[in-house]
Amino acid sequence: MILTGFLKTVQLTFFGLIMGLILGILLAIGDLYGGKIISTIIKFYVEFFRGSPIIIQLFIFYFSVPIMLNIRLGSTIVGFIVFALNSAAYQKGYIKGAMESVYKDQMTAALSLGLSKVQAIMYVVLPQAMRIMIPGWSNEFSSLGKSTAAILIIGERDLTAIGRTIAFRTFRFLETYAFIALIYFIFISIVLKILDIIYEKIKIPTIEISA
Amino acid sequence: MGKQYQIIVDVYEKIFRGIPELVLILFIYFGVGLGLGFPPFKHAFTAATFALGLRSGAHQSQIFRGAIRGIGEEQMMAARSLGLSRLQAIFRVMVPQTFIIATPGLGSEYSLLVKDSSYAFIIGVPDIMFWTNRVIATPPLDPVFPYFAAAFLYILLTFPLATYLDMWGSRKKKQLGLQEGEG
């Protein structure tokens, strides 16, 4: 039972992180190279997802959006959508910071070598940005992994929700929650350690990110 | 400080950064408060505040450490060579600068904390979320507007102050010629 909950949490975290990365890259490119209007829209998007609690976002996508659009959304789908959109808003900041720090000279150099702007972004700026944004990424991983716990309020059976059920069934609140906390702690610590090792291997020594 | 103290701080930070706020709140309220029967935490508000405070402490210790590192040893040595005692140097020279360098970090920690406070409604603290749900449960049962209104309220709570702190911090930094900490 705990294992299924744990897998759900892992699933939500990684799906959110990867979708958030893809969306975040698009947002960052839009913000850097798009016009003023796109920039403003992105700013509102980011402000909404960064400024409001994850609980409200879950409620909005679980209760409000289906009514406005007249569709049905399951709690797992809502979880995927919200964590991806939320994480995208945060990752956009890290990606933008990373891209800006490799941006100027490299972009000029790439353009002068005859690459188009899109090529320059794809082959020169982004790969380097990815490498130096890993510390930001591990921050985002740990905060996203922790926010997935909030999904129990829309009835999803993640690790915390299962822990709560067990706690109420056995009346052993202290032990159950301590155990759940320990699982989260180990999970997050291990992934952070792995990201750390990867970063040490592939970091670019001369470029430091200032975000 | 000594090595043991450093290890304690390190473990504290790691633990509270690796545990979801929600689990921490549930643990303190149900586990310590109701399970062990520790009287102060039987009160949902106290338990939630305490949990959020513990978590925030772990974050803020990092922010301040980064800020203090950003100031560097030279200031400390300069202050000492001018005849200030160690305590005086810390409180008159280091701490005031620390707060200025730490403002961006403190601003984002503040908005993080405001948002995390919404978890408290799960253990029944009557905060914005609690009343939003109460409004939604009363006729005309409109589940759209109240949530957006609540989201707007949270943004209103976080955005202006965080932005102001950011601006104030960078202005002060420019005035005093300080560089960015590694917060």
Side-chain angles (χ1 to χ4, degrees), chain A residues 9 44 47-68 93 139 142-143 145-153 158-161 163-164 167-168 171-192 208 210-211, chain B residues 14-38 55 59 104 108 111-112 114-122 127-129 132-133 136 141-160 162-163 180 182:
Chain A
T9 296
F44 272 107
E47 200 44 56
F48 174 74
F49 279 100
R50 291 182 64 151
S52 61
I54 198 98
I55 292 190
I56 287 195
Q57 292 162 22
L58 286 168
F59 275 141
I60 284 178
F61 276 86
Y62 194 61
F63 294 115
S64 311
V65 170
I67 284 186
M68 289 192 302
N139 268 344
S142 69
S143 80
K146 289 188 290 175
S147 358
T148 56
I151 203 172
L152 74 89
I153 54 157
D158 79 323
L159 185 55
T160 313
R164 190 169 64 161
F168 275 106
F171 285 101
R172 291 183 166 274
F173 295 106
L174 193 72
E175 296 92 328
T176 318
Y177 286 129
F179 185 63
I180 296 294
L182 186 71
I183 296 177
Y184 273 107
F185 176 65
I186 292 171
F187 167 53
I188 289 174
S189 308
I190 288 176
V191 178
L192 284 184
E208 284 279 331
S210 57
Chain B
K14 285 241 166 68
I15 286 179
F16 286 103
R17 286 184 67 208
I19 295 175
E21 294 76 19
L22 182 57
V23 176
L24 195 64
I25 290 174
L26 291 172
F27 175 76
I28 293 203
Y29 180 59
F30 287 111
V32 182
L34 303 182
L36 280 186
F38 185 59
R55 214 265 313 140
H59 278 203
S108 60
S111 34
L112 199 66
V114 170
K115 285 183 286 166
D116 285 347
S117 74
S118 65
Y119 291 127
F121 105 97
I122 291 174
D127 70 337
I128 297 180
M129 283 313 298
T132 310
N133 280 330
I136 283 163
L141 297 169
D142 168 26
V144 178
F145 177 70
Y147 284 132
F148 280 100
F152 180 70
L153 266 181
Y154 275 106
I155 293 173
L156 209 62
L157 274 174
T158 56
F159 185 64
T163 315
E180 194 88 30
E182 45 167 306

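Throughout, protein chains are lettered first and strands after them, A, B, ... in sequence-line order, and every chain is numbered starting at 1.
Within the 4.5 angstrom heavy-atom criterion, atoms from both the backbone and the side chain of A/Phe48 approach chain B. Proximity to chain B (any heavy atom under 4.5 Å) is shown, for A/Gln57, by neither the backbone nor the side chain. Neither the backbone nor the side chain of B/Phe145 comes within contact range of chain A; no heavy atom of the residue lies under 4.5 Å from a heavy atom of that chain. Within the 4.5 angstrom heavy-atom criterion, only side-chain atoms of A/Ile54, from C-beta onward, approach chain B. In this structure, chain B has a heavy atom under 4.5 Å from the side chain of A/Arg164, while its backbone stays farther away. Residue contact with chain A, scored on non-hydrogen atoms closer than 4.5 Å, involves the side chain of B/Asn133 exclusively. Contact annotation for A/Ser147: both backbone and side-chain heavy atoms come within less than 4.5 Å of a heavy atom of chain B. Heavy atoms of B/Ser111 lying under 4.5 Å from chain A are absent altogether. With a 4.5 angstrom heavy-atom cutoff, B/Phe16 touches chain A only via backbone atoms. Using a 4.5 Å cut-off between heavy atoms, B/Leu26 touches chain A through backbone and side chain atoms alike.
Heavy-atom pairs under 4.5 Å with chain A were tallied for B/Tyr154, B/Tyr147, B/Tyr29, B/Phe148; the largest tally goes to B/Tyr147. Comparing A/Ser142, A/Ala150, A/Gly145, A/Gly163 by heavy-atom pairs within less than 4.5 Å of chain B, the highest count is held by A/Ala150. Per-residue counts of heavy-atom pairs under 4.5 Å with chain B were compared for A/Leu174, A/Ile188, A/Val65; the largest is that of A/Leu174. By number of non-hydrogen pairs under 4.5 angstrom with chain B, the leading residue of A/Leu182, A/Ile67, A/Ile56 is A/Ile56.
The closest side-chain heavy-atom distance from B/Leu24 to B/Tyr119 is not below 4.5 Å. Looking at B/Lys14 and A/Phe185, their side chains come closer than 4.5 Å, going by heavy atoms from C-beta outward.
Atom-to-atom distance recorded for A/Ile183:CD1 and A/Thr160:OG1 is 9.5 Å, nearest 0.5 angstrom. Taking CZ from B/Phe152 and CD1 from B/Ile128, the interatomic distance works out to 11.5 Å, rounded to the nearest 0.5 Å. Taken to the nearest 0.5 Å, the OG atom of A/Ser52 stands 12.0 Å off from the CG atom of B/Leu157.
Scanning both residues, A/Ala149 and B/Leu22, for their nearest heavy atoms gives O-CD2, 3.2 Å.
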> Are B/Phe30 and A/Phe173 close enough, and set up right, to give a ring-ring contact (aromatic ring centres under 6.0 Å, His included), and what steps lead you there?
Replying inline: CA-CA 6 Å; B/Phe30 287 111; A/Phe173 295 106; 5.3 Å; yes
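In this structure, A/Thr9 contributes its side chain and A/Leu159 its backbone to a donor-acceptor pair below 3.5 Å.
For CZ of A/Phe179, the number of neighbouring non-hydrogen atoms (other residues, nucleotides, ligands) closer than 6.0 Å is 12 at most.
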